[in-house]
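Note that the coordinates shown come from a computational prediction; the quantities given were computed from them, not determined experimentally. Below, read A as the first sequence line, B as the second, and so on, with proteins coming before strands; counting in each chain starts at 1.
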There are 2 protein chains.
Amino acid sequence: MEEGPPDPERAATPTLTAVARMAGVSPITVSRVVRRPDIVSAETRQRVEDAIRKLGYVPNMVAGSLASARTKSVGVLVPTIANSIFADTVQGLSDVLEPQGYSVILAQSGYDPLREDRMLAALLSRRPEAIIMVGAPLTADGAEMLRRARIPVVETWELPAAPIDAAVGFDNHDAGVVVARHFASAGRQRLAFVGGDDRRATQRWHGFVEAARQVGLEDPRRVVVEWQSGAGAGTAALAEVPDADAVFAANDAYAIGLLSALRRAGRLQAEPGATPAIGVVGLGDLEMGRLFSPTVSTIRIDGAAIGRAAAELALDPAKPRRVDLGFELIVRESG
Amino acid sequence: MEEGPPDPERAATPTLTAVARMAGVSPITVSRVVRRPDIVSAETRQRVEDAIRKLGYVPNMVAGSLASARTKSVGVLVPTIANSIFADTVQGLSDVLEPQGYSVILAQSGYDPLREDRMLAALLSRRPEAIIMVGAPLTADGAEMLRRARIPVVETWELPAAPIDAAVGFDNHDAGVVVARHFASAGRQRLAFVGGDDRRATQRWHGFVEAARQVGLEDPRRVVVEWQSGAGAGTAALAEVPDADAVFAANDAYAIGLLSALRRAGRLQAEPGATPAIGVVGLGDLEMGRLFSPTVSTIRIDGAAIGRAAAELALDPAKPRRVDLGFELIVRESG
DNA sequence: GTGAAAGCGCTAACAT
DNA sequence: ATGTTAGCGCTTTCAC
């Protein structure tokens with residue numbers, strides 16, 4: 001059988017030039033139809049749009065970005081996405097970025113400084129127009145890379161004294177203080193803290209200890225349980241500080257895990273309405289905490305709002321560079 | 001004050017060429033040091049690496065991608081990331097992609113067909129090397145765009161009869177069948193189904209109805225509650241089908257919401273170990289379901305495994321194009 | 001309203 | 001082991 005030459009108009013992914021050829025215009029006109037249809041005459045636009053449809057042309061933003069030096073993308077770095085608290089933040093920032101034509105390039109650090117630096121480099125190599133990350137960079141190298149990138153950088157979930165550029169979050173130290181005082185005013189004596197040992201958790205821990213000392217309580221105990229399930233954290237806490245009468249858990253999953261372990265241990269019995277034998281306060285205000293029995297006291301934080309605000313600061317350098325979204329202690333049945 | 005000419009070597013983001021100049025080599029040598037250090041002599045490599053460090057050079061992958069026609073990126077489309085079930089899948093696929101140098105470009109459809117098409121176009125314009133999405137495309141246009149892109153496309157969380165390219169998931173229809181039969185064999189009479197009306201939920205619903213009919217039960221009732229909280233779904237279900245004695249909930253959050261509503265309504269009382277007055281089965285096997293009281297029966301699905309498998313099919317077209325990861329009915333206290 | 005020329009920063013292919 | 005040439009697909013700038 002006779003083989004004709006390959007027909008590049010059909011086989012390969014069509015280019016702007018192919019569209020131009022088909023529509024009988026110059027490439028730049030096609031570019032205009034795609035990006036600023038209003039400045040092209042109606043007839044020309046029609047011809048070009050027909051060609052685009054016929055060829056199934058999808059603009060190549062890689063080429064466009066190189067030519068224009070604008071990628072319309074934002075790099076997002078989280079410790080892990082499989083934690084609903086950060087998933088909410090990613091959801092929130094996407095909700096602001098996507099309607100404006102920005103894409104989200106997502107990377108996870110796993111709380112690992114080296115991996116974080118690698119992911120930061122990977123993100124920056126794609127020339128995002130801004131970086132949004134949970135927390136401040138873990139290493140000086142990471143911070144330096146971000147500074148050199150000369151793009152907006154928004155740190156979230158904490159409020160560093162000297163952010164690289166911008167920060168959206170709340171005072172983690174304060175959260176610890178508020179919970180410790182709450183426990184003290186409820187007459188609790190032996191406080192404990194269950195959570196990771198990342199910087200934000202440690203800030204809460206410090207606030208927790210300081211406030212406990214200030215009101216004359218003995219020093220709280222700290223149980224480090226990073227990377228565990230709620231059940232694992234609960235069991236660990238129960239084993240390590242069996243005599244605590246009040247526990248601040250790093251997140252609601254840990255709080256629920258602990259409550260569940262307490263129930264299994266028969267230490268949750270109390271007449272309804274009575275003060276529970278052990279007070280438990282979580283963080284995050286998961287819906288599950290409101291459905292659990294006992295309902296879970298918590299430090300409420302609006303992760304989606306953090307994401308939305310971060311996206312806004314990322315896109316507009318004129319916006320304030322420090323946004324404290326605060327938190328709220330919500331006291332429910334668990335203490 | 002005398003103004004010198006701007007020093008491009010310091011101010012602007014350094015380019016490969018700037019590094020080459022500083023190291024006294026040609027640009028291509030720098031490129032080699034970055035990508036294949038082994039093929040460059042040790043001394044040259046050293047000089048180049050010094051220059052890279054001194055300038056803080058970060059390769060421009062936008063330019064690299066255009067030149068090499070490889071973006072080292074994968075487009076990921078989910079209905080929403082703020083649903084732990086999909087967050088697990090994204091986590092799983094990232095865990096496979098990131099170590100291989102791929103970036104994840106994340107987009108959300110919100111279950112909206114038009115938005116899905118827009119996000120698909122946005123993803124494709126960045127020339128990802130593959131697309132991984134939850135479910136099959138909602139529109140024919142979307143499917144056509146994907147086909148034309150001539151890249152691996154992995155649909156997840158369902159197993160379409162004719163996938164565009166590949167699929168990783170389980171049989172949603174079967175899941176409905178299994179739950180209905182389970183209810184029937186437990187002597188349940190009046191079945192109900194609570195969930196969204198997306199395609200996957202509808203497949204489960206169909207299996208549920210068909211199996212119920214087959215065993216001679218009256219037709220189950222369906223409560224559509226897309227986009228609601230677990231509490232909202234639970235309340236809605238209770239209001240709409242107050243006489244149901246067995247409910248299949250689209251996810252564990254809905255199941256827990258329903259259980260919680262039942263408890264408030266005083267309909268959960270039963271001696272421990274007894275068959276609950278209303279049987280409830282969820283889907284997803286959230287940890288919370290194991291901690292809740294009663295513990296929640298569920299269709300267990302490994303979202304992270306789906307993500308990992310999807311990533312593998314996305315990167316290797318030689319792999320099987322259809323992977324059924326199955327599911328497992330886990331019967332706990334809730335029924 | 002439309003087009004021609006130049007170039008974004010890099011890599012493929014081919015030298016040497 | 002290193003360099004030269006050409007070009008990826010688009011946008012910018014300046015003309016007409």
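- Remark on the helix from dG1(C)-dC16(D) to dT16(C)-dA1(D): inter-end axis angle 20°, axes from five-pair C1' superpositions, rounded to 10°.
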Apply side chain to side chain contact (heavy atoms under 4.5 Å, CB included) to Ser31(B) and Leu16(B), showing your working.
CA-CA 7 Å; Ser31(B) 177; Leu16(B) 203 170; 4.0 Å; yes
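- Residue pairs that meet the ring-ring contact (aromatic ring centres under 6.0 Å, His included) test with at least one member in residues 45-85 of chain B, sequence neighbours left out, do not exist here.
- Checking side-chain atoms of Thr156(B) against main-chain N and O of Met133(B) turns up a donor-acceptor pair under 3.5 Å.
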Indicate for each nucleotide in nucleotides 6-12 of chain D, in 5' to 3' sequence, whether protein heavy atoms under 4.0 Å reach the base (B), only the sugar-phosphate (S), or nothing (-).
-BBBBSB
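- Donor-acceptor pairing under 3.5 Å is recorded for the side chains of Arg126(A) and Ser103(B).
- The side chain of Ser41(B) contributes an N or O atom lying less than 4.0 Å from OP1 or OP2 of dT2(D).
- Taking a heavy-atom distance under 4.0 Å as the criterion, the stretch of DNA chain C touched by chain A extends 5' to 3' from dG1(C) to dG9(C).
- A salt bridge links Arg53(B) with Asp50(B): at least one charged nitrogen is closer than 4.0 Å to a carboxylate oxygen.
- Residue pairs meeting the ring-ring contact (aromatic ring centres under 6.0 Å, His included) criterion with at least one member in residues 58-104 of chain B, sequence neighbours excluded: Phe86(B)-Trp157(B).
- For Arg118(B), the side-chain contact (heavy atoms from CB on, under 4.5 Å) criterion is met by Leu114(B), Arg115(B), not counting sequence neighbours.
- In terms of the side-chain contact (heavy atoms from CB on, under 4.5 Å) criterion, residue partners of Arg147(A) (sequence neighbours excluded) are, by chain and number, Ala143(A), Glu144(A), Ile164(A).
- Residues from residues 98-107 of chain B with heavy atoms under 4.0 angstrom of DNA chain C: there are none.
- At dA1(D), none of the side-chain N or O atoms of Thr44(B) fall inside 4.0 Å of OP1 or OP2 (strictly under the cut-off).
- The side-chain contact (heavy atoms from CB on, under 4.5 Å) check on Leu138(B) picks up Pro113(B), Glu116(B), Arg199(B), with sequence neighbours excluded.
- Sorted by first and then second residue, the pairs that involve residues 67-90 of chain A and meet salt bridge (Lys or Arg N to Asp or Glu O under 4.0 Å), not counting sequence neighbours, are Arg70(A)-Glu129(A).
- Not counting sequence neighbours, Asp324(B) has no partner by the salt bridge (charged side-chain N to carboxylate O under 4.0 Å, His left out) test.
- The list of ring-ring contact (aromatic ring centres under 6.0 Å, His included) pairs with a residue in residues 18-40 of chain B, not counting sequence neighbours, is empty.
- Using a 4.0 Å cut-off between a side-chain N of Lys or Arg and a carboxylate O of Asp or Glu, Arg308(B) and Asp95(B) do not qualify as a salt bridge.
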